[in-house]
Amino acid sequence: MRSILVVVTRQIGDVLLTTPLIHAARRLWPDAAIDVLGFEGTLGMLDGNQDVREVIAAPARPGWRGSLRLTRRLWRRYDLALVAEASDRAHLIGALASRRRSGILPPEGGSNWWKRLLLDHVVTSAGDLGEVHVVQEKLALLAPWRAAQSPAARLVPPASEALPEALTSRLAPGYVVVHAPSMWPYKQWPIPHFRELVASLAQAGRQIVLTGGPAAGDRETVAAMQGAAPPEQLLDAGLLSLGQLAALLQGAALYIGPDTSVSHLAAACGVPTLAVFGPTNPQRWAPWPRLAQGQPVHFARRSTAQTMGNVTLMQAQLPCVPCGKAGCEDHRMSRTDCLPAISAAQVAAIAREILAGRR
């Protein structure tokens, strides 16, 4: 294979979870040109990635003119297309780009018949309640070419960038990074819980650094955390690039956050990561841990607290957890009863264990 296109048309966290596939392709074909196509605004996780020649940012709604431009740019340009998402659009892009395609299909769907006809190798997704992690699922796209015994999969974070001097001058050794915002309400651990957690960590002598993106919701959530601890122990990291965020995480003693892309990034950076999960199935979507060669990755479907490598994941002990839905009402703005059931005291206790090296 001299040229390969990886198609990952979802969110920024999904792009990061595709980096083990990209790296495995690089190991298989060291001299190949590997490009990655995704939506505009989602490809920052690939900044500085040495496995990638070029990133191709496609508009989410290109219109017919944009679609024509993309077709001209991609038409039969590649020896292989790895379609790492199950959507119709991702498969059509793969079909444009190459005559040889390996792709993921959803467990069921009316469009599966024509997608299957387009593929030389098919990986059927286990679905959100399946037991196969999405990283392993994406790696299965290389099954026809990949050796049975392959190196351990590892996420590749973006290249580190220098932090702002105004932030580095205030950081204390052993700081804890806390990411409170979630993109959707059904993944949001309650802000009062986060405030209680931050207060507990501060009382234990830790400095807490708050992170969040530029979106209005993120800024409001970070602002709502102010006053939870003394000012010298509670820092707002401000708006950081992904490379700066990686640098901040790599220097932390612990990261705590919800089911979000930053939690995946923290795990990829090797920092001890404590993730608070609600309805999402950890067997599919847990932050991918750093493990020794040959150690398998397999999370339990439900556990009050389970640890694998540098990742500890917490869930509520409710009979419906995990439901795999978008909250109790199954839409993005839904409430989620299982997240408030995880108390700040429970999370603080596990955090203390990790910080003391007992977990």
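We number each residue from 1, following the sequence as shown.
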Worksheet item: Going through the checks in order, is the side chain to side chain contact (heavy atoms under 4.5 Å, CB included) test met by Ser200 and Arg352?
Response: CA-CA 10 Å; Ser200 176; Arg352 287 193 295 270; 3.4 Å; yes

Discussion item. Looking only at side-chain N and O atoms, does Ser160 offer a donor or acceptor that is under 3.5 Å from a partner on Gln250?
Written reply: yes

Item to complete: Go through Glu85 and Thr9 one step at a time and tell me if the side-chain hydrogen bond (donor to acceptor under 3.5 Å, both in side chains) criterion holds.
Response: CA-CA 7 Å; Glu85 303 299 340; Thr9 49; over 6 Å; no

Worksheet entry | Polar side-chain atom of Gln207 near backbone of Ala172 as donor-acceptor pair, under 3.5 Å | yes

Item to complete: Establish, from distance only, whether the side-chain atoms of Glu161 and Ser241 form a donor-acceptor pair under 3.5 Å.
Response: yes

Worksheet item: Between Asp218 (side chain) and Ala215 (backbone), is there a donor-acceptor pair under 3.5 Å?
Response: no

Practice prompt. Would you confirm whether Asn281, through its side chain, and Gly324, through its main-chain N or O, come within 3.5 Å as a donor-acceptor pair?
Written response: no

Discussion item. Using side chain to side chain contact (heavy atoms under 4.5 Å, CB included), reason through Val176 and Tyr255 one step at a time and then give a plain yes or no.
Written reply: CA-CA 6 Å; Val176 175; Tyr255 164 87; over 6 Å; no

Response to the item:
So CH2 of Trp184 and OG1 of Thr260: to nearest 0.5 Å the spacing works out to 11.5 Å

Worksheet item: Is it the case that more than 12 heavy atoms not belonging to Arg335 sit under 6.0 Å from its CZ atom?
Response: yes

Worksheet, complete the sentence: Taking every heavy atom of Leu118 against every heavy atom of Ala95, the minimum-distance pair comes out as CD1-CB, 4.0 Å

Fill in: Flag side-chain contact, heavy atom, 4.5 Å: Val276 against Leu339
yes

Practice prompt. Applying side chain to side chain contact (heavy atoms under 4.5 Å, CB included), run through Ile12 and Leu242 and close with a yes or a no.
Written response: CA-CA 11 Å; Ile12 190 169; Leu242 288 173; 3.6 Å; yes

Practice prompt. Taking atom CZ of Arg53 as the centre, report whether more than 12 heavy atoms of other residues, nucleotides or ligands fall under 6.0 Å from it.
Written response: yes

Worksheet item: Does the side chain of Lys325 come within less than 4.5 Å of Cys323's, by heavy atoms?
Response: yes

Worksheet entry | Audit row: Trp114, Asp88, side-chain hydrogen bond (donor to acceptor under 3.5 Å, both in side chains) steps and yes/no | CA-CA 10 Å; Trp114 62 260; Asp88 293 358; 5.1 Å; no

Worksheet item: Side chains of Asp236 and Gln226: does their closest heavy-atom pair fall under 4.5 Å?
Response: yes

Discussion item. Tell me which pairs pass salt bridge (charged side-chain N to carboxylate O under 4.0 Å, His left out) where either residue lies in residues 278-287, with sequence neighbours left out.
Written reply: Glu137-Arg284

Worksheet item: Hey, which of Gln203, Met225, Gln233 is the one that makes side-chain contact (heavy atoms from CB on, under 4.5 Å) with Val198?
Response: Met225

Item to complete: Identify the two heavy atoms, one from Ala267 and one from Pro287, that lie closest to each other, and give their separation to 0.1 Å.
Response: CB-CB, 3.7 Å

Practice prompt. Please indicate whether Met183 has more than 12 foreign heavy atoms, meaning atoms of other residues, nucleotides or ligands, lying under 6.0 Å from its CE.
Written response: no

Fill in: Spatial distance of atom OG1 (Thr168) from atom CG (Leu163) [nearest 0.5 Å]
6.5 Å

Discussion item. Using every non-hydrogen atom in the two residues, find where Ser3 and Ala32 come nearest and quote the distance to one decimal.
Written reply: N-CB, 4.5 Å

Response to the item:
So CH2 of Trp145 and CH2 of Trp29: to nearest 0.5 Å the spacing works out to 5.5 Å

Worksheet entry | Spacing of NE2 belonging to His179 relative to CD1 belonging to Ile256, to within rounding of 0.5 Å | 13.0 Å

Worksheet item: Okay, side chain of Thr336, backbone of Cys338: is any donor-acceptor separation there less than 3.5 Å?
Response: no

Worksheet entry | Carboxylate-amine/guanidinium contact Arg100 Asp120, below 4.0 Å | no

Worksheet item: Please walk me through it: do Tyr186 and Asp330 pass side-chain hydrogen bond (donor to acceptor under 3.5 Å, both in side chains)?
Response: CA-CA 9 Å; Tyr186 79 92; Asp330 201 16; over 6 Å; no

Item to complete: Check whether the ring centres of His133 and Trp288 lie less than 6.0 Å apart, and answer yes or no.
Response: yes

Worksheet item: So, Ser98 side chain and Gly94 main chain: donor-acceptor pair closer than 3.5 Å or not?
Response: no

Worksheet entry | With Ile22, the side-chain contact (heavy atoms from CB on, under 4.5 Å) member among Ile4, Val15, Ile34 | Ile34

Worksheet entry | Leu254 side chain near Val177 side chain, heavy-atom distance below 4.5 Å | no

Worksheet entry | Any donor-acceptor N/O pair, Ser67 side chain to Gly63 backbone, under 3.5 Å | yes

Discussion item. Tell me whether Arg65 at atom CZ has more than 12 heavy atoms from other residues, nucleotides or ligands lying less than 6.0 Å away.
Written reply: no

Worksheet item: Side chain of Ser102, backbone of Leu82: donor and acceptor closer than 3.5 Å?
Response: no

Item to complete: Mark yes when over 12 heavy atoms from residues, nucleotides or ligands other than Glu108 sit less than 6.0 Å from its CD; otherwise mark no.
Response: no

Discussion item. Using 0.5 Å steps for rounding, measure from the CG atom of Leu119 to the NE2 atom of His91.
Written reply: 5.5 Å

Discussion item. Can you give me the closest heavy-atom contact between Ala266 and Val271, atom names plus distance?
Written reply: O-CG1, 3.1 Å

Worksheet entry | Shortest non-hydrogen contact between Pro164 and Gln244, atoms and distance | CD-NE2, 3.8 Å

Discussion item. Does Arg73 form a salt bridge (Lys or Arg N to Asp or Glu O under 4.0 Å) with Glu54? I'd like the steps, not just the answer.
Written reply: CA-CA 13 Å; Arg73 180 174 183 178; Glu54 181 183 8; 2.5 Å; yes

Discussion item. Under a 3.5 Å distance rule, please check whether Arg26 uses its side chain to pair with a backbone N or O of Asp51 as donor and acceptor.
Written reply: yes

Worksheet item: Is there a side chain to side chain contact (heavy atoms under 4.5 Å, CB included) between Leu5 and Leu80 once you walk through the steps?
Response: CA-CA 6 Å; Leu5 180 68; Leu80 174 66; over 6 Å; no

Discussion item. Once rounded to the nearest 0.5 Å, what's the spacing between atom OG1 of Thr124 and atom CG of Leu105?
Written reply: 5.5 Å

Practice prompt. Using the side-chain hydrogen bond (donor to acceptor under 3.5 Å, both in side chains) rule, take Gln315 and Arg302 through it: C-alpha gap first, then chi angles, then the decisive distance, then the call.
Written response: CA-CA 7 Å; Gln315 296 166 280; Arg302 183 174 66 196; over 6 Å; no

Discussion item. Check this for me: Glu232, atom CD, are more than 12 non-hydrogen atoms of other residues, nucleotides or ligands nearer than 6.0 Å?
Written reply: yes

Item to complete: Determine yes or no for a side-chain-to-main-chain donor-acceptor pair under 3.5 angstrom, with Thr19 supplying the side chain and Val156 the backbone.
Response: yes

Worksheet item: Heavy atoms, side chains only, cut-off 4.5 Å: are Asn310 and Leu291 in contact?
Response: no

Worksheet item: Heavy-atom distance under 4.5 Å between the side chains of Val8 and Leu17, does that happen here?
Response: no

Fill in: Min side-chain heavy-atom separation Val321-Phe277 under 4.5 Å
no

Worksheet entry | Expected output: side-chain Ser182 to main-chain Lys187 donor-acceptor under 3.5 Å | yes

Item to complete: With the side chain counted from C-beta on, respond yes when Pro322 and Pro282 share a heavy-atom pair under 4.5 Å apart, and no when they do not.
Response: yes

Discussion item. Minimum heavy-atom separation for Thr18 and Ala84, please, with both atom names.
Written reply: CG2-CB, 4.1 Å

